[in-house]
Amino acid sequence: MIKYIAKRILQFIPVFLGVTLILFIMQNVVPGDPIKLIAGERKLDPTTEMNIRAAHGLIETDADGNIIYDENGDTIPTSMPKRYVNYLTDLLQGDLGTSYQRGTPVSSIILQKYPYTVQLALVAIVIEAIVGIGAGIISAIKRYSFWDVLVTLVTSLLVAMPAFWLGMLLQLIFGIWLKGATGGAVSLPISGVAGPRALYPDWMYYILPAITLASVSTAYTARIMRSQLLDVMNQDYIRTAKAKGLSKGAIIRKHALKNALIPVVTYVGMDFGAMLAGAILTETVFSWPGIGRETYVAITQRDWPIVMGSVTVIVVVVMVINLIVDVSYAFLDPRIRLGSSKNEG
């Protein structure tokens with residue numbers, strides 16, 4: 001087990017370097033000068049612009065931070081390899097850079113926004129696990145019944161429905177139509193949180209964005225749970241349990257459910273990592289002040305330090321969650337031995 005975990009952690013290094021390198025190259029090929037965008041429609045003073053570029057390491061400076069000029073009196077752009085090495089060096093020291101637009105450390109922006117994403121992801125994953133697993137079990141037990149057809153129909157609709165469209169539809173129904181039908185007495189919040197300083201928003205603000213975020217994943221969870229439970233129920237040891245006279249409920253609880261849950265837990269765990277990465281569409285539609293919406297805004301403003309810092313944190317979180325999911329296999333099924341010579345061969 002320890003050997004397997006160490007091996008997976010070492011595999012993080014090339015993935016991490018590859019992601020940061022791709023992002024770094026992209027920010028240099030995407031059209032638009034992020035420094036010129038700081039002033040909007042106005043033009044930056046040349047001296048101010050040079051100082052900003054120097055502060056962000058875009059032009060060469062000496063050891064004292066003074067701008068270096070060539071023989072023609074022009075500034076010298078810092079080469080991409082040098083800038084990338086400088087970025088990695090700062091990253092290893094815990095420095096994610098400074099926002100072009102705000103002049104604020106990226107780490108402080110992420111610390112401010114990421115708790116909202118974590119909260120939304122936790123609510124969404126609870127909905128996914130409870131509703132998805134429950135619907136899948138009911139669908140498998142009541143095979144070919146009305147409930148099975150209903151679960152199949154609803155999951156098919158959710159899988160085919162874009163998340164942003166579902167979010168806007170929920171806003172229209174529960175935020176506008178319901179409010180109008182009840183004279184404003186009953187409605188659900190359709191955007192934002194309770195206030196700019198509300199770190200833990202009122203529970204009503206979670207309902208619509210959490211349902212939107214969990215919708216497609218819940219449909220897949222229900223489908224996986226149904227298919228796995230039906231497959232397990234046809235195994236020899238289940239028939240043996242039936243021959244011993246055990247009730248259907250006891251067979252499902254004590255024998256079938258645990259084995260059927262293994263791929264479901266795998267999917268839910270990896271999906272939780274994806275949710276923690278920040279749902280850009282959901283957070284943007286509902287103006288949720290999380291890391292996903294912050295990344296979207298940063299992309300539109302070409303604020304690359306925020307984009308780089310956010311994605312770097314997201315990559316680390318997703319890799320850690322995936323490792324935890326992999327290790328959980330051994331606890332869910334004793335037949336699985338991670339890191340054994342058989343698996344490594």
Side-chain angles (χ1 to χ4, degrees), residues 8 120-167 170 209-239 241-242 248-279 281-282 317-338 343:
R8 284 297 305 272
L120 183 61
L122 286 172
V123 177
I125 207 69
V126 169
I127 294 174
E128 176 184 341
I130 294 176
V131 177
I133 293 175
I137 293 174
I138 293 173
S139 182
I141 295 175
K142 306 288 185 179
R143 192 178 184 185
Y144 301 133
S145 68
F146 166 78
W147 298 109
D148 186 20
V149 174
L150 179 62
V151 169
T152 303
L153 177 62
V154 172
T155 54
S156 298
L157 288 174
L158 290 177
V159 169
M161 192 178 298
F164 70 90
W165 189 86
L166 175 62
L170 292 176
I211 291 175
T212 302
L213 182 59
S215 59
V216 176
S217 301
T218 301
Y220 280 120
T221 300
R223 287 185 170 190
I224 296 171
M225 186 72 246
R226 179 185 184 277
S227 63
Q228 289 299 316
L229 189 55
L230 288 174
D231 182 64
V232 169
M233 291 297 289
N234 291 324
Q235 299 297 317
D236 291 338
Y237 67 91
I238 297 296
R239 286 192 285 268
K242 290 179 181 178
K248 188 175 182 179
I251 292 173
I252 292 174
R253 290 193 308 272
K254 297 180 180 179
H255 300 283
L257 197 56
K258 185 176 181 179
N259 289 328
L261 276 173
I262 293 176
V264 178
V265 170
T266 301
Y267 175 78
V268 172
M270 297 183 69
D271 194 53
F272 182 54
M275 289 179 179
L276 288 175
L281 290 177
T282 300
V317 170
V318 171
M319 289 192 298
V320 171
I321 293 294
N322 288 347
L323 176 60
I324 294 173
V325 171
D326 288 347
V327 173
S328 69
Y329 290 171
F331 297 97
L332 288 172
D333 190 345
R335 295 172 298 176
I336 300 174
R337 289 291 179 265
L338 299 177
N343 288 339

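Residue numbers start at 1 and run along the sequence shown.
Taken to the nearest 0.5 Å, the CZ atom of Arg143 stands 11.0 Å off from the CE atom of Met233. Here the CG atom belonging to Leu153 is positioned 5.0 Å from the CG atom belonging to Leu157, to the nearest 0.5 angstrom. Rounded to the nearest 0.5 angstrom, Ile141 CD1 and Leu230 CG are separated by 9.5 Å. Rounding to the nearest 0.5 angstrom, the gap separating the OG1 atom in Thr221 from the CD1 atom in Ile125 is 7.0 Å. Remark: Tyr144 OH to Thr152 OG1 distance equals 10.0 Å, nearest 0.5 Å.
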Requested in this report: Go through the steps for Val318 and Leu276 under the test side chain to side chain contact (heavy atoms under 4.5 Å, CB included), then give the verdict.
Outcome: CA-CA 7 Å; Val318 171; Leu276 288 175; over 6 Å; no

Query raised in the report: Under the side chain to side chain contact (heavy atoms under 4.5 Å, CB included) criterion, do Ile321 and Met270 qualify, and how do the steps go?
Result: CA-CA 7 Å; Ile321 293 294; Met270 297 183 69; over 6 Å; no

Report task. Check step by step if side chain to side chain contact (heavy atoms under 4.5 Å, CB included) holds for Ile133 and Leu261. Result -> CA-CA 9 Å; Ile133 293 175; Leu261 276 173; 4.0 Å; yes

**Report entry** Audit row: Phe164, Thr282, side chain to side chain contact (heavy atoms under 4.5 Å, CB included) steps and yes/no
**Finding:** CA-CA 6 Å; Phe164 70 90; Thr282 300; over 6 Å; no

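Other residues, nucleotides and ligands contribute more than 12 heavy atoms inside 6.0 Å of the CZ atom of Phe272.
For the residue pair Leu120 and Ala210, the shortest heavy atom distance occurs at CD1-N, 3.6 Å. Leu158 and Ser215 get closest at one heavy-atom pair: CD1-O, 3.7 Å. The shortest non-hydrogen separation linking Gln228 to Ala260 is CB-O, 3.6 Å.
Here Leu170 pairs with Leu166, Phe174, Leu208, Ile211, Thr212 under the side-chain contact (heavy atoms from CB on, under 4.5 Å) rule; sequence neighbours left out.
Screening residues 129-139 for salt bridge (Lys or Arg N to Asp or Glu O under 4.0 Å), with sequence neighbours left out, gives no hits. For residues 146-160, the set of pairs meeting the salt bridge (Lys or Arg N to Asp or Glu O under 4.0 Å) definition, not counting sequence neighbours, comprises Asp148-Arg226.
Counting only N and O atoms by type, the side chains of Glu128 and Thr218 include no donor and acceptor under 3.5 Å apart.
A distance-only check finds no donor-acceptor pair linking the side chain of Ser139 to the backbone of Gly136 [under 3.5 Å].
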